[in-house]
Amino acid sequence: MLLDVSTAYAAVMNTVRDFGTEQLSFTAATGRVLREPVLADRPFPPFDRATMDGIAINFTESYGKGQTIFGVEDIQPAGVPRKQLGNMANCLEVMTGAVIPELTDTVVPYEHLQASEHEGFKRFTITQPVQKNQNIHWEGADGAAGKTLITPGARITPAEAGVLATVGKYEVSVGRLPRVAVIATGDELVEVTATPAPHQIRMSNVYSLAASLQGLGITATIHHVVDHKPAIQQLFESLKNVDVWICSGAVSAGKYDHLPVILEEMGMQRIFHKVEQRPGKPFLFGLFKDGPVVFALPGNPVSGFMCFYRYVQPWLLAGMGHQISPVPYAVLGQDVTFNKPLTYFLPVQLQPQPTGEWKAIPHNYNNSGDLPALLTADAFMELPAAQDHFKAGECFPVWRFR
Ligand code: AMP
Ligand code: MG
């Protein structure tokens, strides 16, 4: 049964499974999805903190009464327990990050002071107007102790890493990564290190798929099998404990395209085979009950690549706990005609415009075997099946791979 793209996508997303959680050191968790809330262990900031280097004074008892010259009693550096002002007419020098000393409530920065000496004692004269409470970051101003700082489902980026560190959350519960096997099929394929005979090619799909997976933090195992039914069956049997199979090739109508039959014989529940799209029409999708989910992508390099970003990546991200962000749109930069009843995934180059939009410049590629075409493209623009003529200036979704 031939499905349209959005039905196929919905069918794929309908099978999203949770890959579970694991505990990781926060330093190893960048890019992962947090699966527990992170709470403030103390108020933010944990004490009244000086935000400038200068002097701390008691505003009401001194400057508030017109006093502008202050003798220095002591110094309050950062990392030193809280000191106390002895005489309200004096000051304590205070450093950025230090606790505001007891009985002081205002910090005057050095930039607004003139230093002098009087009878062997250091003193400061205030040269600029002072506001009560200035230059203090008050305890709890950014959040009370116990406040939820990061909610489950957040991706751990450098900003989250800093917050995890500051609250002492050195071990975190994160979404587990799925085990993924990438499987190339084809008698014509040889290893990357081999010199192909004239009728052979080096296998490339599995490496671009593995690189795409690496971008999600997943290290896949890579396999190659010839177009020989028992060999394919044997390999599949050995991979039954893996979460996901991403196969490349052998799903079309060719004599040696064995995957649909073998997978069905092995008990895979076929969700769909063939999607109304170009490239990638022969895409086969199914799953084993209590076993792997199978994305069997066409062998043509551009087809498999497109299917990965349109279907496989969102499915993986959802299973890892990511919130799926809305698909961005871009403005088509040139008229395009495609008069087949298929969704057309057009490789495009994305150019940022001063208007804040992305302009999508269509890429002239030859066919779905034109692998180097992807080198100068950034995304696939999804042009709907119901339309034949696409005008420059119209907006369509783009599936970015760069
Ligand atoms: P298939 O889907 O098996 O009919 O393959 C379609 C085309 O993609 C053929 O020209 C294959 O040689 C090519 N192809 C299949 N698998 C790979 C691969 N792993 N790397 C590069 N090209 C491939
Ligand atoms: Mg093949």
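Both counts, for ligands and for their atoms, begin at 1 and track the order of listing. Heavy atoms only: backbone and side chains are in, while hydrogens, waters and symmetry mates are out.
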Near N300, which atoms of ligand 1 are under 4.0 Å from a heavy atom of that residue? 6 (C), 7 (C), 8 (O)
Using a strict cut-off of 4.0 Å, indicate which atoms of ligand 1 neighbour a heavy atom of S248. 16 (N), 19 (N)
Decide whether an N or O pair under 3.5 Å exists between I201 and ligand 1. no
Under a 4.0 Å heavy-atom limit, does L189 contact ligand 1 with its side chain, its backbone, both, or neither? side chain
What protein heavy atom lies closest to atom 12 (O) of ligand 1? Include the residue and the distance to one decimal. E188 OE2, 2.5 Å
Short side-chain donor-acceptor distance under 3.5 Å, T221 and H223: yes
For this output row, return yes or no: ring centroids of F295 and Y311 closer than 6.0 angstrom. no
Distance-only donor-acceptor check, side chains S173 and E22, under 3.5 Å: no
Strictly under 4.0 Å, does any heavy atom of G186 approach an atom of ligand 1? no
Between Y329 and E357, is there a side-chain donor-acceptor contact under 3.5 Å, judged purely by atom types and distance? no
Of all the atoms in ligand 1, which lie at a distance below 4.0 Å from a heavy atom belonging to A250? 1 (P), 2 (O), 3 (O)
Atoms in ligand 1 flagged as close to M203, the criterion being non-hydrogen separation under 4.0 Å: 19 (N), 20 (N)
K240 to F288, cation-pi by 6.0 Å centre distance and 45° axis angle: yes
